[in-house]
Amino acid sequence: MSKKSFAVWGMFFSVLIVLAGLLVVLGKMGGDANYPNSAPYGYDSGYASFGADFYSFVNNNAAEAASASYTAANNVRELCDLMKNAFGFVLIGGGLLGFCHFGIVRCDCVKKEEKTAAVETEEAAIEAEAAEPEAPAESAE
């Protein structure tokens, strides 16, 4: 594989990376977990005794635990969204940097080809001049 074709393929894959980053940031890739809303409870975990009071005590503590787990799940979801967006922006930045890098490599390849072509034509011109027979000089009498 030549350096020029490698640079073109690098630019192509860099564009794909940028597109993947955009899809992640826009929420089309990466998953989105939605958690159900918990019912609002009035938490009164006061004095507990056996019977109906004990049932209310356990029920209120279970509701409080459910609310705490819901809050923890929301916090984890927010962190996941933050990480997903950060990863998407890293993908976009890396893809753009890769595209620029492979674009520079490709431009260097094109410039070298132009220089090589120019040198070859100059050498051909010099060889053509050397191959032409010189005209005899006219003598002045």
Side-chain angles (χ1 to χ4, degrees), residues 1-140:
M1 180 183 287
S2 70
K3 194 172 184 180
K4 184 178 176 183
S5 64
F6 180 75
V8 170
W9 278 106
M11 291 171 66
F12 173 73
F13 285 115
S14 297
V15 168
L16 290 180
I17 290 172
V18 169
L19 290 176
L22 285 172
L23 288 175
V24 168
V25 169
L26 295 175
K28 303 297 180 189
M29 271 179 41
D32 189 20
N34 293 323
Y35 296 96
N37 293 331
S38 64
Y41 289 102
Y43 306 117
D44 183 17
S45 297
Y47 176 77
S49 63
F50 292 105
D53 291 337
F54 181 75
Y55 174 77
S56 298
F57 176 76
V58 170
N59 190 26
N60 286 340
N61 284 338
E64 192 171 335
S67 176
S69 64
Y70 173 75
T71 302
N74 276 337
N75 291 341
V76 169
R77 183 181 51 129
E78 292 296 325
L79 285 173
C80 289
D81 287 343
L82 176 68
M83 292 300 293
K84 181 183 72 167
N85 288 337
F87 183 67
F89 284 122
V90 167
L91 277 176
I92 292 170
L96 290 175
L97 284 175
F99 186 80
C100 291
H101 169 73
F102 287 114
I104 290 170
V105 169
R106 186 175 181 285
C107 288
D108 287 343
C109 292
V110 172
K111 287 180 183 178
K112 287 179 183 176
E113 288 177 1
E114 290 174 359
K115 287 179 184 177
T116 305
V119 169
E120 289 174 358
T121 56
E122 288 176 11
E123 289 175 356
I126 292 172
E127 289 175 4
E129 286 179 8
E132 289 180 5
E134 293 185 21
E138 293 180 17
S139 58

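The model shown is predicted, which means the values in this text are computed figures rather than measured ones.
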Side-chain heavy-atom pair Val18, Phe99 within 4.5 angstrom cut-off: no
Taking every non-hydrogen atom, the tightest pair across Ile92 and Val25: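 It is CD1-CG2, 4.2 Å.
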Heavy-atom closest contact (Val8 atom, Arg106 atom, distance): CG2-NE, 3.4 Å
Nearest 0.5 Å, what's the [atom1]-[atom2] distance between [X] and [Y]?
{"X": "Leu19", "Y": "Ser14", "atom1": "CG", "atom2": "OG", "answer": "11.0 Å"}
{"X": "Glu64", "Y": "Ser69", "atom1": "CD", "atom2": "OG", "answer": "11.0 Å"}
{"X": "Leu16", "Y": "Leu91", "atom1": "CG", "atom2": "CG", "answer": "11.5 Å"}
{"X": "Met83", "Y": "Glu78", "atom1": "CE", "atom2": "CD", "answer": "14.0 Å"}

Residues in side chain to side chain contact (heavy atoms under 4.5 Å, CB included) contact with Leu97, at least two apart in sequence or another chain: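 Leu97: no side chain to side chain contact (heavy atoms under 4.5 Å, CB included) contacts found.
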Aromatic contact, Phe102 with Phe13 (centres under 6.0 Å):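 No; Phe13 has its ring centre 6.0 Å or more from that of Phe102.
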